[in-house]
Amino acid sequence: MDNINKLYQQTIMDYAKRNDVKGEIENPNYALRGHNPSCGDDITLLIKLENDKIVDMKYIGSSCAISSASTSMLIENVIGKNKDEVQNILNSFFSMMRSEEYDETILNDASVLEFVKDMPARIKCATLSWHSLKSIIGEGNDGIREIKGNN
Amino acid sequence: MSLNLRDDFPFFKNSDIAYLDSAATTQKPYSVIKEIEDYYTKYNANAGRGSHELSMLSKQLISDTRKKIKEFVGASSDEEVIFTKNTTEAINLIAYSYALNNLKENDEILLGISNHHSNIVPWQFVSSKTGAKIKYIYLDENGQLDINDFKSKLSNKTKLVSISAVVNTTGVIQPFYEIIKLSHLVNAITLIDTAQSILHFKHEFSKWDMDIITFSGHKMYASLGIGVLVAKRKLLENIPPFIYGGDMIEYVEEESSTFKDLPERFEAGTLDTSAILSLNKAIDYINDVSYDKIREIEYNLSSLLIDKLKKLDFIELYCVDVVDRVGIVSFNVKGVHSHDTAFILDQYKVAIRSGHHCTQPLMKYLGIASSCRVSISIYNNIEDIDRLILALYKVKEVFYG
């Protein structure tokens, strides 16, 4: 039952239950829905981006403990950061998930999720909202939009 | 057939998994597996493509199976039975060959809100191409299609009514017989997706005046890759082929071709003879065990499961209080996403399905994002149920402490 203990460890459960990063924000200028059709995770990121800087961000939706925790960690990491910094954080996370070298210092608690890279059934949960944010920051689109089937 | 039916399924000799996901795909009895091996070790040839004996034999085996299916579902002639890859392809055949050619703007298609995506998405395509409108039949408080809602939406504009006989997410048997009768009053044709019902009770295609049914072999003990469309002869006779190619033609000229009669017109390309034979043996096996026995085992085990789940205050059940059900039970551990629940159960070697089960409109209607689904078949036993319950306590432990 090693996987259960690892996956549902206290740190992850604490992040999964974080209410301060869940809900609506005032005047978001980005809303992006990420959906994992096979397991039912459905997370919408609400982001307020000002002068290329994420000034506020929360999420809404229905998600498993792993994707909820991962989203909380993501939000904690990127609030107050500019686009370049966010890009580095995202790249570092994806490198970690691909077993490549990565910068642990900028990921903070998100590095706890490293072991999920070896769990095929859960890796999509851990990366869902990171992919969503990448598609906002990476493409630099303005305005609110919605995407589906982000997996 | 063994005294203990579980012994007929070699999977359980090699695995200690409590397999509770038979609505996704069933395990296979030895007779089915043996038939596939026999075919490839003794009889393999391309059915009907040559004049040699083996090729003719394969062709004959396919015809024999067609006849067996006709009897199994109570159709009127062998020509009403068409082989497809699976249920999805069978529904698409009707969508492309029938609906695209016969539906027009302002016609209406009525669909059950509880339909599988494979019985929604093709009709959305038909709607976008023809301008026909889609209307949904909603459910009553038990999870059955609301006949009054259906009646209020049924009209002379209705050309096609497509529902599933059993809802794959909840196991509820829908009042399809009544829906067929009412649909025929306005000359609408009906498609009943029987993928989740075909293994659980006897179907009487002609006696029940069904127009079209579809099912997959792999959900009824046969191998993957074989599905069946049964449709009334007069309907099939008046629609063009779906897929074009070999073994469905009479004469091919440079510019055009003439097509064979039923059923070959709808079976272009080399068929999977081994999969068809596996379905043949699966039908034998179902007949040997009997629908009565299948129903009895599934009813007893699912009733026991529901009783046990009702005693757990951390479990929320969906649509279990309907009398007409098959052995499918849908639930959630309160406050826990179904994917977390299924993952933890899996660590204890209990295999169930989680997610939206390809029924997103139904999930939205029930007001839940996803659910856990247990589905029971004849090889399950009380120990499987007990292991599930025990593992659910572990989920509770992880999430509630």
Side-chain angles (χ1 to χ4, degrees), chain A residues 1-19 22-23 33-44 59-72 112-113 115-129 146-151, chain B residues 17 21 24 116-118 120-121 124 168-169 316 318 330-373 387 390-401:
Chain A
M1 298 306 110
D2 231 21
N3 281 339
I4 295 179
N5 293 332
K6 262 196 281 184
L7 203 53
Y8 299 104
Q9 59 182 275
Q10 200 56 47
T11 314
I12 293 178
M13 293 302 260
D14 287 347
Y15 271 100
K17 288 176 196 152
R18 285 265 301 263
N19 282 326
K22 213 171 173 189
R33 183 177 173 201
H35 184 205
N36 187 348
S38 63
C39 69
D41 283 331
D42 191 342
I43 289 178
T44 301
Y59 77 99
I60 52 175
S62 159
S63 48
C64 68
I66 306 313
S67 57
S68 303
S70 161
T71 307
S72 302
V112 167
L113 295 174
F115 67 91
V116 184
K117 72 180 190 222
D118 298 321
M119 302 173 108
R122 305 313 293 267
I123 190 160
K124 284 179 180 177
C125 311
T127 53
L128 176 63
S129 55
E146 179 182 88
I147 60 160
K148 286 174 189 170
N150 182 20
N151 65 337
Chain B
I17 285 174
D21 196 19
H116 190 276
H117 291 168
S118 63
I120 293 177
V121 181
Q124 291 173 336
N168 70 304
T169 305
E316 191 171 79
Y318 308 109
S330 206
F331 66 92
N332 270 318
V333 176
K334 286 177 191 167
V336 180
H337 193 276
S338 65
H339 198 203
D340 288 318
T341 305
F343 180 84
I344 294 173
L345 297 189
D346 189 40
Q347 303 304 303
Y348 289 93
K349 298 194 171 185
V350 177
I352 64 155
R353 171 86 194 260
S354 66
H356 52 56
H357 320 292
C358 297
T359 54
Q360 287 185 54
L362 172 66
M363 290 279 139
K364 207 167 174 182
Y365 186 77
L366 291 174
I368 52 176
S370 71
S371 77
C372 300
R373 179 188 72 185
R387 284 173 63 186
L390 209 64
L392 284 172
Y393 273 105
K394 301 291 180 185
V395 178
K396 185 190 174 203
E397 225 174 271
V398 169
F399 276 84
Y400 297 177

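Everything numeric here is computed off the predicted structure, so don't read it as measured data. Order of the sequence lines fixes the chain letters, A, B, ..., with proteins taken first and strands second; residue numbering starts at 1 for each chain.
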Review point. Top residue by heavy-atom pair count (under 4.5 Å) with chain B, among A/Ser62, A/Ala65, A/Cys64?
Key: A/Cys64
Review point. Side chains of B/Ile344 and A/Tyr8: closer than 4.5 Å at any heavy-atom pair?
Key: yes
**Study point:** Separation of A/Asn3 CG from B/Gln347 CD (nearest 0.5 Å)
**Key:** 4.5 Å
Revision key, fill the gap. Rounded to the nearest 0.5 angstrom, the CD-CD1 distance for B/Glu397 and A/Ile4 is 9.5 Å
Practice item. Could I get the full list of side chain to side chain donor-acceptor pair (under 3.5 Å) partners for A/Asp14, not counting sequence neighbours? Key: A/Gln10
Study note, to complete from the structure: Hits for side chain to side chain donor-acceptor pair (under 3.5 Å) against B/Ser354, two or more places apart or cross-chain, chain-then-number order -> none
Point to revise | Which atom of A/Lys17 lies closest to which atom of B/Phe399, heavy atoms considered | key: NZ-O, 4.4 Å
**Study point:** Atom of B/Val398, atom of A/Met13 and distance for their closest heavy-atom approach
**Key:** O-CE, 3.5 Å
Practice item. Flag yes if more than 12 heavy atoms outside A/Lys22 fall under 6.0 Å of its NZ atom; otherwise flag no. Key: yes
Exercise for review: Let me know if A/Ser63 has heavy atoms under 4.5 Å from chain B in its side chain, its backbone, both or neither.
Suggested key: backbone
Exercise for review: Sort A/Ile66 into side chain, backbone, both or neither according to what part of it lies under 4.5 angstrom from a heavy atom of chain B.
Suggested key: both
Revision key, fill the gap. Sorted by chain and residue number, the ring-ring contact (aromatic ring centres under 6.0 Å, His included) partners of B/Tyr393 (sequence neighbours excluded) come out as B/Phe314
Exercise for review: Sort by residue number and list every member of residues 332-339 of chain B having a non-hydrogen atom under 4.5 Å from chain A.
Suggested key: B/His337, B/Ser338, B/His339
